[in-house]
Asks: 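Next up is a structure, given as structure tokens.
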Amino acid sequence: MSLSPDAPPPAAHRLHRAARFEDAVGGVVERVLRRRGWRPRVQTYTGYGADGWVRVLARVLLTPPGTRTRDINGRRGWRQFLSAGVARVPVSIDVGDRRHEVVSARGGYLDVRLDVDLPSGWATARLSVDGSKWWDAPLRIVNPAARLGVVSDIDDTVVITALPRPLLAFWNTFVRQEHFRVPVPGMAQLYAQLLAQDEHAAIFYLSTGAWNTAPTLTRFLARHGFPPGPLLMTDWGPTADGWFRSGQAHKRTELRRLLAEFRELTWILVGDDGQHDPDLYAAAAVGAPGRVRLVAIRQLTAAQQVRTHGTPEPLPERLPSIATPEARAPDGFGLLEMLRTRGLLTESEQS
């Protein structure tokens, strides 16, 4: 469901056996929970849109009677993974002056593009599974006058997680609470300066992390002064085509989609050198000449490189044949200073 708006729908094909097994187990769990009185509800995520359309992101979950929104969104650590997504549930979406009827997909996920005219800024879509209770989904509507978009990785770019070191990744994701997580120094300040280049600029956070962690990450970003924006996460587990989903493929697909949806924007892409971001961003710049204004990479130390992907050898420069500037530094303060030194921020943008 993460296709470019110009891409044809995927051809129907038989699900991979891992996905069929997961769906069969999910069906048994759903029947048991429904017999115990559990009912569908909607967990909403921040979506986005532009003139004439919106992308609404949410998930239909089975929850016990009396479950409140804060009970779901307030879960931390391993508890946020204790959820039962439910497919094939009809969902009503009210946005603008129109109502749309959609159906949840595998895992209970909703990722739908709807035709609607909304003013730029922040808006709200309202979702319901039965019409008796509604849940609000924030929407970032990009101004038609915008000319700049920022895409930021999350893990080890804005929050120090040391992924994919298995034990530490498990601890950070399933055990550690949000207020104990540590932001990468200077990144919030860097993003404030980057967005100051265009009063209508929008930021999108792109991660290979699971959707279950989105509420926690949203609180983390707000707590540490990061500008608000949609989170584009993924789902762990089997896919329609295999046992495991590809984080690189997820990022590549979402980058292509953003470039296709916002053709009038040029982009600043921010990531780190521990999870293939330099290669992915270079490929995006090559595939869309003139659309990527800058690539900014947070450099991990040799020790961090060993923990994340097992090699301390330095990464080569990734953009030798195109005109896209690239900056590398250990944190946001270093990146900001490099951009100022190289004249990539004007005096008015530095204030």
Side-chain angles (χ1 to χ4, degrees), residues 2-6 44-58 93-98 100 111-127 136-154 158 187-207 214 217-218 221-222 225-233 253-270 281 284-285 288-296 324 336 339 344-351:
S2 298
L3 297 175
S4 161
D6 300 323
T44 61
Y45 309 116
T46 301
Y48 62 90
D51 188 23
W53 62 273
V54 295
R55 182 183 182 186
V56 179
L57 302 167
I93 303 178
D94 281 7
V95 57
D97 57 358
R98 299 183 60 184
H100 303 263
D111 181 352
V112 293
R113 175 167 163 147
L114 306 173
D115 294 332
V116 64
D117 289 312
L118 293 174
S120 58
W122 286 94
T124 302
R126 307 189 71 217
L127 292 80
D136 293 341
L139 300 171
R140 174 66 166 91
I141 310 301
V142 178
N143 195 302
R147 293 296 176 265
L148 174 65
V150 176
V151 170
S152 170
D153 177 48
I154 295 179
V158 301
M187 296 305 290
Q189 292 85 340
L190 171 67
Y191 291 167
Q193 294 296 326
L194 294 178
L195 294 178
Q197 297 176 88
D198 179 353
E199 62 177 324
H200 303 300
I203 187 169
F204 302 83
Y205 296 94
L206 177 56
S207 173
L217 287 172
T218 299
L221 293 171
F226 287 89
L231 274 65
L232 304 177
M233 315 287 285
T253 298
E254 291 296 340
L255 277 173
R256 289 175 177 170
R257 177 167 185 160
L258 289 172
L259 287 165
E261 288 175 328
F262 299 103
R263 298 182 183 277
E264 70 282 3
L265 300 185
T266 56
W267 294 88
I268 295 175
L269 309 179
V270 187
Y281 292 168
R291 299 287 310 285
V292 179
R293 182 185 302 189
L294 170 69
V295 172
T324 302
L336 187 56
L339 296 180
L344 297 175
L345 293 175
T346 67
E347 290 298 319
S348 62
E349 293 158 3
Q350 298 177 34
S351 60

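We count residues from 1, following the sequence as given. Not measured: the values here are computed from a predicted model.
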Asks: Answer yes or no: is there a side-chain heavy-atom contact under 4.5 Å between Leu217 and Met233?
Replies: yes
Asks: Assess whether side-chain contact (heavy atoms from CB on, under 4.5 Å) is satisfied between Asn143 and Glu199, documenting all intermediate values.
Replies: CA-CA 10 Å; Asn143 195 302; Glu199 62 177 324; over 6 Å; no
Asks: For the pair Arg98 (side chain) and Asp115 (backbone), establish whether a donor and an acceptor sit closer than 3.5 Å, ignoring hydrogens and angles.
Replies: yes
Asks: So, using side chain to side chain donor-acceptor pair (under 3.5 Å) as the criterion, who are the partners of Tyr191 when residues are at least two apart?
Replies: Ser152
Asks: Look at Arg55 together with Glu261 and state whether they make a salt bridge at an N to O cut-off of under 4.0 Å.
Replies: no
Asks: Under the criterion side-chain contact (heavy atoms from CB on, under 4.5 Å), I'd like the reasoning laid out for Leu206 against Asp153: C-alpha separation, chi angles, the key distance, then a yes or no.
Replies: CA-CA 5 Å; Leu206 177 56; Asp153 177 48; over 6 Å; no
Asks: Ignoring hydrogens, what is the shortest heavy-atom contact between Ala188 and Gly225? Give both atom names and the distance.
Replies: CB-O, 3.7 Å
Asks: Going by salt bridge (charged side-chain N to carboxylate O under 4.0 Å, His left out), name the residues that satisfy it together with Asp51, two or more places apart in sequence or in a different chain.
Replies: none
Asks: Taking the side chain as C-beta and beyond, is there a heavy-atom pair between Val95 and His100 under 4.5 Å?
Replies: yes
Asks: Measure the spacing between CG of Leu194 and CD1 of Ile268 and express it to the nearest 0.5 Å.
Replies: 4.5 Å
Asks: Using side chain to side chain contact (heavy atoms under 4.5 Å, CB included) as the criterion, list what pairs up with Leu265, not counting sequence neighbours.
Replies: Ala146, Phe262, Trp267
Asks: Could I get the full list of salt bridge (charged side-chain N to carboxylate O under 4.0 Å, His left out) partners for Asp136, not counting sequence neighbours?
Replies: Arg126
Asks: How far apart are the C-alpha atoms of Tyr205 and Leu221, what are their side-chain angles, what is the distance that settles it, and do they pass the side-chain contact (heavy atoms from CB on, under 4.5 Å) test?
Replies: CA-CA 10 Å; Tyr205 296 94; Leu221 293 171; 4.0 Å; yes
Asks: Could you check if a side-chain atom of Leu255 sits within less than 4.5 angstrom of a side-chain atom of Leu269, using non-hydrogen atoms only?
Replies: yes
Asks: To check you understand the geometry: which heavy-atom pair defines the closest contact between Val142 and Ala202, and what is its length?
Replies: CG2-CB, 4.0 Å
Asks: Report yes if some heavy atom in the side chain of Phe204 is under 4.5 Å from a heavy atom in the side chain of Leu258; otherwise report no.
Replies: yes
Asks: Using the side chain to side chain contact (heavy atoms under 4.5 Å, CB included) criterion, which residues pair with Thr218? Sequence neighbours excluded.
Replies: Leu231
Asks: Taking C-beta and beyond as the side chain, do Leu190 and Phe226 meet within less than 4.5 Å on heavy atoms?
Replies: no
Asks: Between Leu139 and Thr46, is there a side-chain heavy-atom distance shorter than 4.5 Å?
Replies: no
Asks: Carefully, step by step, assess Val295 and Val292 under the rule side-chain contact (heavy atoms from CB on, under 4.5 Å).
Replies: CA-CA 8 Å; Val295 172; Val292 179; 4.0 Å; yes
Asks: Heavy-atom distance under 4.5 Å between the side chains of Arg147 and His200, does that happen here?
Replies: no
Asks: Sequence neighbours excluded, which residues qualify as side chain to side chain donor-acceptor pair (under 3.5 Å) partners of Asp94?
Replies: Arg99
Asks: Not counting sequence neighbours, which residues clear side chain to side chain contact (heavy atoms under 4.5 Å, CB included) with Ala288? List them please.
Replies: Leu259, Arg291
Asks: Show the nearest heavy-atom pair for residues Trp122 and Pro138, with the distance to one decimal.
Replies: CZ3-CB, 4.2 Å
Asks: Which pair of heavy atoms, one from Ala285 and one from Thr324, lies closest together, and at what distance?
Replies: CB-OG1, 3.8 Å
Asks: Distance from Ile141 atom CD1 to Leu118 atom CG, nearest 0.5 Å?
Replies: 5.0 Å
Asks: Look up atom CD in Gln193 and atom CG in Leu344, then write down how far apart they are to the nearest 0.5 Å.
Replies: 13.0 Å
Asks: My understanding is that only residues two or more places apart in sequence, or in another chain, count here; which of them pass side chain to side chain donor-acceptor pair (under 3.5 Å) with Ser207?
Replies: none
Asks: Can you name the residues that form a side chain to side chain donor-acceptor pair (under 3.5 Å) with Arg293, not counting sequence neighbours?
Replies: Thr266
Asks: Show the nearest heavy-atom pair for residues Val56 and Ala125, with the distance to one decimal.
Replies: CG2-CB, 4.3 Å
Asks: Tyr45: which residues meet the ring pair (Phe, Tyr, Trp, His ring centres under 6.0 Å) condition with it, sequence neighbours left out?
Replies: Trp211
Asks: Would you say that Val270 contacts Val151 through its side chain, given a criterion of any heavy-atom pair below 4.5 Å between the two side chains?
Replies: no
Asks: What are the two closest heavy atoms between Ile203 and Pro228, and how far apart are they?
Replies: CG2-O, 3.5 Å
